[in-house]
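Residue numbers run from 1 in the order of the sequence given. These values consider heavy atoms only, across backbone and side chains, with no hydrogens, waters or symmetry-generated copies.
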Amino acid sequence: MVHVNNLQKIIGRLEVRAGNASAIFRFLTPRLCLQQRCRRCRGTDDVTVAVGGDAISASPRCGMAPGSPSRGGTGDMAEAAAGVGRFKSNYAVERKIEPFYKGGKVQLDQTGQHLFCVCGTRVNILDVASGAVLRSLEQEDQEDITAFDLSPDDKVLVTASRALLLAQWAWREGSVTRLWKAIHTAPVATMAFDPTSTLLATGGCDGAVRVWDVVQSYGTHHFRGSPGVVHLVAFHPDPTRLLLFSSATDTSVRVWSLQERSCLAVLTAHYSAITSLTFSADGHTMLSSGRDKICVVWDLRSLQATRTVPVFESLEAAVLLPEEPAPELGVKSTGLHFLTAGDQGVLRVWEAASGRCVHAQQRLPGPGRELTHCALARAASLLLSVTADHNLLLYDARSLRLQKQFAGYSEEVLDVRFLGPEDSHIVVASNSPCLKVFDLQTSACQILHGHTDIVLALDVFRKGRLFASCAKDQSIRVWRMNKAGEVACVAQGSGHTHSVGTICCSRLKETFLVTGSQDCTVKLWPLPEALLSKGTGPEGGPVLLQAQATQRCHDKDINSVAVAPNDKLLATGSQDRTAKLWALPQCQLLGTFSGHRRGLWCVQFSPMDQVLATASADGTIKLWALQDFSCLKTFEGHDASVLKVAFVSRGTQLLSSGSDGLLKLWTIKNNECVRTLDAHEDKVWGLHCSRLDDRALTGASDSRVVLWKDVTEAEQAEEQAKREEQVVKQQELDNLLHEKRYLRALGLAISLDRPHTVLTVIQAIRRDPESCEKLETTVLQLRRDQKEALLRFCVTWNTNSRHCHEAQAVLGVLLRHEAPDELLAYDGVRASLEGLLPYTERHFQRLSRTLQAATFLDFLWHNMKLPTLPAAPAAL
């Protein structure tokens, strides 16, 4: 028996930390009756509802009489077993498309292979070729990044945070090499390296300009005199001149001499904030741009303005182009030319000598096209521009041909859909007039322009290449993706008087569209045959669509429309808390589904049965029979509004998303919530399943798009493999025990993570005649992780008086041969010893009482001995 004092000494050396953990478990109780498919009906129009144990057929083709019980033989049982095996049990996140840029500075490295941009507290590094985020750099203070800059040699990255700390990064390794205080009394607003990558200038919101030597790690200069925020700093391209330029809120440019530590000149020509400073290759000319709609060319030898060029737009950036001919840009001479980016949303090339625009991009419609940033990577011949919608566009600098597009921030994702015959692309509608199409293999992004207001809903036709969108601009558009993955608008239509909030495509063929609007009407839009017969969009622009039928359906906004699989029925869901069933194409009312307590967000037809699913703001999902409009089932589990619902597993399960940011997988047969998936932090507006039913796509208000993969078969295969492995290991363990190879047996039992099996091995060792030596030898030869597991098992054994001897034997070996410092380094040793101490004291007290009783019994035995009787006399 191990002495209790040894345990108390070890526990006394531990630091006890207080911590509380709580867990909430939610159990869903089945509420309504059970729905099953009639075995005799194989079509998509058959359904049987079980009521009170009897199966009532709702199929006009079913030969089963109403009220007769459903019968099935061995074939039906096998089919049922196969159906159960096809049920999904779990989804796993396969990929996430998350925001990586939320405004601010962006920068390309000299090779054009990496893109640096700010996203809140992080600086993200993107691989330009794939569009993937290679690394995210975040300072220890976890404050927002206010400025950053990459050195000209692409080796050093420096970031500044709101905590007034500067961090120097070895960005390829993702490690901080130096961290120091900025000394500014307000956050750093801008920074820039000199051409040698040794000096760093920072401009702060306190009006100060500081210069740092990043090689020697000390501050070299401190310039004062700028009123307000210093938002621009730039070094002269000739490092021998040691000149620094800065601009603040006084709309002037200050020239600082690092040699004389003073301000050489104040250049004034602008009447509004200066947004960029750029220099010619020879260092004799500087170009400044501003929001006063002018660009000023400066002679840096005389520090005088030589020309003012009116550009007729508020500029955010201007870039001097290489002095070489570029016919595609209208540059025919070797004079000074520059490119501007501003609130008109187009890149324009200007000739400095004449002040005229020699080239301009075509302006695309819609808001959010304003350009907020522009930069030139001369070595890679790439031009980077950023729009107000946080879209990043990469152009060939010699021709302005679009090379790459990146969607930095999608704001609130409102709808998502798979695209392509093999679901190779996805289309995303966010809080923007633009649609974003992503290639799932290459991560390439296409930004589609056409709508003039926020796109609210999407839907895809059966073949996957044609899809439709509707928006707040009261219009709809039809888009086609060609075999190369390029998407173009091929048709458009308008006619609603309010925002078009929902759209649905025909299911059998690409023949019509149905839209629902806030004007409480539904419109049926037939697609012209000319559009369907061509593989590409028609010449001369999109085809104009005309509504064939218009029907006022509800008293409030229509939130969802759905077309039946046979294209003969239409379901509508509205804020008036009802869903309605209509006959197509005349839009004749067939019936009303009433029962929800709040408005409906989604309606969906079952792909197999005559059943309609509705999702409501009252947090429930209901299934309705199309024959008599009765409610078959109600699913409860979401804590807030259910926004989307979809049938999966051939109509036997439901997948739903809600305002609580959760996805739930339901089995219709037993009303059970099989799995709750959590990958979003806000309302999940978009939900779509792939054609093969093996993946799902969700988009939410947290600006995330998540691709889910069905891992049911993988998990079942993994579980089966584990069971087989357990059987093999159990047999091996039995063989080892039979052969008395205790060391391998104990290690194998510990790897199985079975305390009772390990206990069996310990008991087998203790039954050996030389148990003490063998137990000691076996335990000491274990690895550290195995000893940690064995100590945890001892805690469980020690709670039972029948197994406490094995626990104390193992504990005695560890305490006698392991140093206290080594024991204290074990994982979870504090909890283990705290669990061992009270039961060990109890066992010690029990054995002490037994020992006292045994001693008293021995005392009584000795005192009860009779004196020796004298020998009997010999017989005469």
Salt bridge present between R704 and E681 (N-O < 4.0 angstrom): yes
Parallel, tilted or perpendicular, as decided by the 30° and 60° cut-offs, for the rings of W666 and H638: tilted
Euclidean distance, Y409 OH relative to E411 CD, rounded to 0.5 Å: 5.5 Å
Mutual orientation of the aromatic rings belonging to H390 and Y101 [parallel < 30°, tilted 30-60°, perpendicular > 60°]: perpendicular
V133 and its side chain to side chain contact (heavy atoms under 4.5 Å, CB included) partner, picked from I125, D127, L115, N124: N124
Check against side chain to side chain contact (heavy atoms under 4.5 Å, CB included), V500 and L456: CA-CA 7 Å; V500 186; L456 297 176; over 6 Å; no
Within 6.0 Å of NZ in K472, more than 12 heavy atoms from elsewhere: no
Where S475 and H451 come nearest, the two heavy atoms and their spacing: OG-ND1, 3.4 Å
Distance, nearest 0.5 Å, that separates CG of L527 from OG1 of T511: 7.0 Å
Lys/Arg N to Asp/Glu carboxylate O, K88 vs D693, below 4.0 Å: yes
Shortest non-hydrogen contact between S499 and S517, atoms and distance: O-OG, 2.8 Å
Side-chain heavy-atom pair F467, L435 within 4.5 angstrom cut-off: yes
Heavy-atom neighbours of R577 CZ exceed 12 at 6.0 Å: no
Candidate list V648, I668, T652, test side chain to side chain contact (heavy atoms under 4.5 Å, CB included), partner F87, passing option: T652
Closest heavy-atom pair and its distance - G686, V416: C-CG2, 3.8 Å
Nearest heavy atoms of L513 and C505, plus distance in Å: CD2-SG, 3.5 Å
Exceeds 12 heavy-atom contacts within 6.0 angstrom, atom NZ of K483: no
Exam field: side chain D141 to backbone E143, donor-acceptor pair closer than 3.5 Å: yes
Distance, nearest 0.5 Å, that separates SG of C119 from CG of L137: 12.5 Å
Check: D423 main-chain N/O paired with R695 side-chain donor or acceptor under 3.5 Å: yes
Any side-chain heavy-atom pair of L677 and N90 under 4.5 Å: yes
Verdict with supporting geometry, Y91 and R675, side chain to side chain contact (heavy atoms under 4.5 Å, CB included): CA-CA 8 Å; Y91 284 89; R675 186 76 61 177; over 6 Å; no
Residue pair E138 / T121, side-chain donor-acceptor N/O under 3.5 Å: yes
Within 6.0 angstrom of E422 CD, more than 12 heavy atoms from elsewhere: no
E98 atom CD: more than 12 heavy-atom contacts under 6.0 Å: yes
Step-by-step side chain to side chain contact (heavy atoms under 4.5 Å, CB included) determination, V455 to L414: CA-CA 8 Å; V455 179; L414 301 180; over 6 Å; no
Geometric class of the F116/W171 ring pair [parallel <30°, tilted 30-60°, perpendicular >60°]: perpendicular
More than 12 heavy atoms from other groups under 6.0 Å of CZ on R95: yes
Donor-acceptor contact below 3.5 Å, side chain N671 vs main chain T634: yes
Donor + acceptor pair across side chains of Q575, N559 (<3.5 Å): yes
Shortest non-hydrogen separation from S130 to S443 and the atoms involved: O-CB, 2.9 Å
Considering all heavy atoms, the nearest R650-P607 contact: C-CG, 4.4 Å
Student check: side-chain heavy atoms of S494 and Q474 closer than 4.5 Å: no
